[in-house]
Amino acid sequence: MSQQVVTRFAPSPTGFLHIGGARTALFNWLYARGRGGKFLLRIEDTDRQRSSPEATAAILQGMAWLGLDHDGEVISQFDGAARHAEVANQLLAEGKAYKCFASQEEIAAFRDQAKTDGKSTLYRSPWRDADAATHPDAPYVIRIKAPQRGVTIIEDQVQGDVTIGNDQLDDMILLRSDGTPVYMLAVVVDDHDMGVTHVIRGDDHLNNAARQMTIYQAMGWQVPVWSHIPLIHGPDGKKLSKRHGALGAQEYQAMGYSAGGMRNYLTRLGWSHGDDEFFTDAQALDWFDLDGIGKSPARFDTKKLENLSGQHIAISGDAALRHEIQQYLAAAKQPALTDAQSAALEKAMYCLKERAKTFPNLLEKAEFALASRPIQPDQKAAKALAAVSDGILGELTPQLQNVSWTRDDLEELLNEFAEAHDTKFGKLAGPLRAALAGRAVTPSVFDMMSILGRDETMARLNDAVG
RNA sequence: GGCCCGUUCGUCUAUCGGUUAGGACGCCAGGUUUUCAACCUGGAAAGACGAGUUCGAUUCUCGUACGGGCUGCCA
């Protein structure tokens, strides 16, 4: 019996949840939730200068949109500073770490020189083996004693075994001269203390894993199962990150993509399960596994996102869509739907959801149900109305009085009417659409009529005839 | 500079030594049609390059090119 899976998402709160981070969170979520494990959230806020509560809130919001719920409280890494220092001091006491009195200026000067000489910029502290008696009374940092010979092998589930020469490892800093812990220490301690079994993160951390390994070994802790996933690139192939103007997850919400579609798209980006492209959350949870993750970076393609968003809207329940649309409106900073509009929307949903790729798209087609008389035709609709004589619409309207108000009968009536006037129904559809919705893009006129009902339909037609 | 990782149609990808290299999005052509969308039919479109291993390489190995990452008292 294997132990329970515990994964975590550990963003640093320096900006919005960018799309690459969202996918990392999603992978961790899928892996844990798909196996009855736990998915934890830890905010890496040890850099006080760059961390902000606003950013944390934005990350939480982005995750909420995508439905990535985490177990337990949100953990602040900064809160664990004392524990991190404790570990550093333990290592120091055990002789596995040491005090380094080199100043930052000193090190910077060394690096500059090494760079101009074309030599390795790896800093070798002269204090590594210094006698404590020679220690000056000055500020110091605590560095770990990294192995200098041999190799460190990262057994990565995505990248395979990655071998790094220990001569590439520096004695990284554990505790700054002000006593605060550095990320490299904090991740290891926190992942260990939180019982994290599987770490899925961006491959920008692949090299760091070797460094972190030295802490695991020094503490005698078991290393987690690592999976370093390739970063997502922009459509231009360039790195997509918050530093390079990446789009935040919430911006996609504000653009009106469905969360289900986004989950599907992000899951499929860089991960595959044979030829499956469109799948539900249940299927993703069932299928997701580490060995399906690709090794090469993927580009973000809005067209495919759009397509999947549409497919997910089409299979969503009407009430759920109504709810998600209200949230979209809020995210897009648009006025909320009134209760009446919302109810009308849900009633019309059946003929809207299979034809819309995004929510603004759906709302555009829903205009007929959301608007109230008198209908204000937009430019295109006005043009369609002008293309037909008032007479013919005026003649049609009374005929609606006694027809049975079902889709089929309406269709029959309108076709016969068109035939009687020696025209095609197609010629009539435009003006009818314009009169009923004030828009050129709408559902079928028969659907609109049956949803609107006889009275409202006739009233709108009469309005249009004038 | 040093080290690490990557490279199949425009894009996301399948293939785990032998396939006419498959699918999806997008694109093009045609069909259907009541606008948009959807749908149907067909089409163009890929193994970065060079060696090697092998009866046989997209697949294994090496090199080159290109791209990315790390090399912080950032995360």
Side-chain angles (χ1 to χ4, degrees), chain A residues 10-14 44-47 49-51 77 100 102-104 107-108 111 114-123 139-143 154 156 158-160 162-165 167-170 172-178 180 182-184 186-187 202-211 228 230-231 233 235 237-239 265 268-278 294-308 310 314 352 354-357 361-362 364-365 380-381 384 414 424-430 432-434 437 439-446:
Chain A
S12 51
T14 54
E44 311 233 298
D45 52 358
T46 51
D47 184 339
Q49 249 74 48
R50 302 197 309 161
S51 299
Q77 185 160 64
C100 170
S103 71
Q104 295 191 54
I107 298 169
R111 272 196 257 272
K115 213 167 266 182
T116 53
D117 293 349
K119 287 195 227 159
S120 169
T121 56
L122 213 73
Y123 180 69
Y140 61 86
V141 297
I142 294 182
R143 288 182 186 272
I154 309 294
D156 193 281
V158 173
Q159 309 288 345
V162 177
T163 304
I164 293 173
D167 55 355
Q168 298 300 317
L169 269 27
D170 61 346
M172 62 188 175
I173 292 174
L174 265 20
L175 241 41
R176 301 185 180 96
S177 51
D178 65 0
T180 60
V182 150
Y183 159 79
M184 213 67 79
V187 237
D203 69 5
D204 48 337
H205 288 286
L206 182 56
N207 285 285
N208 289 336
R211 276 174 244 284
H228 289 93
L231 270 13
H233 287 186
K238 293 276 169 57
K239 185 190 172 189
Y265 177 70
R268 188 66 178 76
L269 193 64
W271 171 85
S272 64
H273 182 264
D275 283 336
D276 295 306
E277 301 282 349
F278 169 70
K295 302 172 80 165
S296 53
R299 299 185 189 199
F300 198 84
D301 178 12
T302 350
K303 287 288 188 188
K304 190 154 185 179
L305 201 214
E306 206 167 82
N307 177 277
L308 286 171
L352 296 168
E354 284 179 15
R355 325 157 72 96
K357 294 181 167 180
N361 210 207
L362 187 151
E364 180 190 27
K365 294 176 203 294
K380 278 186 186 166
L414 285 173
K424 283 189 165 182
F425 170 70
K427 294 276 186 198
L428 238 46
L432 278 172
R433 211 187 320 278
R439 294 288 181 278
V441 177
T442 73
S444 151
V445 298
F446 307 120

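Please read these numbers as outputs of a predicted model, since none were measured by experiment. Residue numbers start from 1 in every chain, and the chains themselves are labelled A, B, ... in the order their sequence lines are given, proteins ahead of strands.
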Partners of A:Glu364 by salt bridge (Lys or Arg N to Asp or Glu O under 4.0 Å), sequence neighbours excluded?
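If we apply the salt bridge (Lys or Arg N to Asp or Glu O under 4.0 Å) test to A:Glu364, skipping adjacent residues, there are no hits.
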Within this structure, what is the [atom1]-to-[atom2] distance between [X] and [N], rounded to whole angstrom?
{"X": "A:Leu305", "N": "B:G26", "atom1": "CG", "atom2": "C1'", "answer": "14 Å"}
{"X": "A:Asp117", "N": "B:U71", "atom1": "CG", "atom2": "P", "answer": "21 Å"}
{"X": "A:Tyr140", "N": "B:C73", "atom1": "OH", "atom2": "C1'", "answer": "14 Å"}
{"X": "A:Lys424", "N": "B:U33", "atom1": "NZ", "atom2": "C1'", "answer": "10 Å"}
{"X": "A:Leu122", "N": "B:G72", "atom1": "CG", "atom2": "P", "answer": "7 Å"}
{"X": "A:Gln159", "N": "B:G6", "atom1": "CD", "atom2": "C1'", "answer": "8 Å"}
{"X": "A:Asp204", "N": "B:G6", "atom1": "CG", "atom2": "C1'", "answer": "14 Å"}
{"X": "A:Phe278", "N": "B:G26", "atom1": "CZ", "atom2": "C1'", "answer": "18 Å"}

Salt-bridge contact A:Arg50-A:Asp47 (side-chain N to carboxylate O under 4.0 Å)
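Salt bridge flag = yes for A:Asp47 with A:Arg50.
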Below 4.0 angstrom, N of the basic side chain to O of the carboxylate: do A:Arg211 and A:Asp170 qualify?
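A:Asp170 and A:Arg211: salt-bridged.
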In the strands shown, is [N] matched to any nucleotide by a Watson-Crick or G-U wobble pair with both distances under 3.5 Å, and which?
{"N": "B:U41", "answer": "B:A29"}
{"N": "B:C16", "answer": "none"}
{"N": "B:G50", "answer": "B:C62"}
{"N": "B:C70", "answer": "B:G2"}

Distance between [atom1] atoms of [N] and [M] (Å, rounded):
{"N": "B:U33", "M": "B:C40", "atom1": "P", "answer": "16 Å"}
{"N": "B:A46", "M": "B:U58", "atom1": "C1'", "answer": "10 Å"}
{"N": "B:U35", "M": "B:U19", "atom1": "P", "answer": "47 Å"}
{"N": "B:G26", "M": "B:U20", "atom1": "P", "answer": "30 Å"}
{"N": "B:G43", "M": "B:G23", "atom1": "P", "answer": "11 Å"}
{"N": "B:G6", "M": "B:C60", "atom1": "P", "answer": "11 Å"}
{"N": "B:C74", "M": "B:G67", "atom1": "C1'", "answer": "24 Å"}
{"N": "B:G47", "M": "B:C16", "atom1": "C1'", "answer": "16 Å"}

Describe the nucleic acid contact of [X] in one word from base, sugar-phosphate, nothing, applying a heavy-atom distance below 4.0 Å.
{"X": "A:Val141", "value": "base"}
{"X": "A:Val445", "value": "base"}
{"X": "A:His228", "value": "nothing"}
{"X": "A:Gly118", "value": "sugar-phosphate"}
{"X": "A:Ala209", "value": "nothing"}
{"X": "A:Thr163", "value": "sugar-phosphate"}

Parallel, tilted or perpendicular, judged at 30° and 60°: which one describes the rings of A:Tyr183 and A:His205?
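Ring orientation, 0 to 90° scale: tilted.
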With heavy-atom distances below 4.5 Å as the criterion, would you say the side chains of [X] and [Y] are in contact?
{"X": "A:Ile107", "Y": "A:Arg111", "value": "yes"}
{"X": "A:Leu432", "Y": "A:Leu414", "value": "yes"}
{"X": "A:Lys115", "Y": "A:Thr121", "value": "yes"}

Can you tell me if A:Tyr265 uses its side chain to pair, donor with acceptor, with the backbone of A:Asp301 under 3.5 Å?
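The answer is yes, because a donor-acceptor pair under 3.5 Å joins these two groups.
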If we ignore hydrogens and angles and just use 3.5 Å, is the side chain of A:Gln159 paired with the main-chain N or O of A:His228 as donor and acceptor?
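At least one qualifying donor-acceptor pair exists.
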B:U71, B:C4, B:C73: which one has an atom nearest the side-chain heavy atoms of A:Arg143?
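It is B:C73.
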Out of B:U35, B:C74, B:U71, which nucleotide sits closest to the side chain of A:Arg50?
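Among B:U35, B:C74, B:U71, the one nearest the side chain of A:Arg50 is B:C74.
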Here's a test of your reading of the structure: between A:Ala429 and A:His273, which maps to the more 5' nucleotide of RNA chain B?
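Going by which nucleotide is closer to the 5' end, it is A:His273.
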On RNA chain B, does the nearest nucleotide to A:Ser177 precede the nearest nucleotide to A:Gly294 from the 5' side, or the other way round? Give the residue.
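Closest to the 5' end, via its nearest nucleotide, is A:Gly294.
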Using OP1 and OP2 only, check whether a side-chain N or O of [X] sits under 4.0 Å from [N].
{"X": "A:Ser272", "N": "B:A14", "answer": "yes"}
{"X": "A:Lys119", "N": "B:G1", "answer": "no"}
{"X": "A:Arg211", "N": "B:G72", "answer": "no"}
{"X": "A:Thr46", "N": "B:C74", "answer": "no"}

From A:Thr180 atom OG1 to A:Leu175 atom CG, the distance as rounded to the nearest 0.5 Å:
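Reported to 0.5 Å precision, the distance equals 7.0 Å.
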Contacts under 3.5 Å, N or O only, protein and nucleotides 8-12 of chain B:
{"residue": "B:C12", "atom": "OP1", "partner": "A:Arg299", "partner atom": "N", "Å": "3.0"}
{"residue": "B:C12", "atom": "O2'", "partner": "A:Arg268", "partner atom": "O", "Å": "3.3"}
{"residue": "B:C12", "atom": "O2", "partner": "A:Lys304", "partner atom": "NZ", "Å": "3.4"}

Would you mind building the protein contact string for nucleotides 36-48 of chain B? One character per nucleotide, 5' to 3', B for base within reach (heavy atoms under 4.0 Å), S for sugar-phosphate only, - for untouched.
BSS----------
Report, as yes or no, whether the 6.0 Å neighbourhood of atom OH on A:Tyr140 holds more than 12 heavy atoms from other residues, nucleotides or ligands.
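No, the 6.0 Å shell around OH holds no more than 12 heavy atoms from other groups.
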For residues A:Thr442 and A:Arg433, report the shortest heavy-atom separation together with the two atoms involved.
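Scanning both residues completely, I find the closest heavy atoms to be OG1-CG, 2.8 Å.
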Presence of donor-acceptor pair under 3.5 Å, side chain of A:Asp275 and base of B:G22:
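Side chain to base: pair found, below 3.5 Å.
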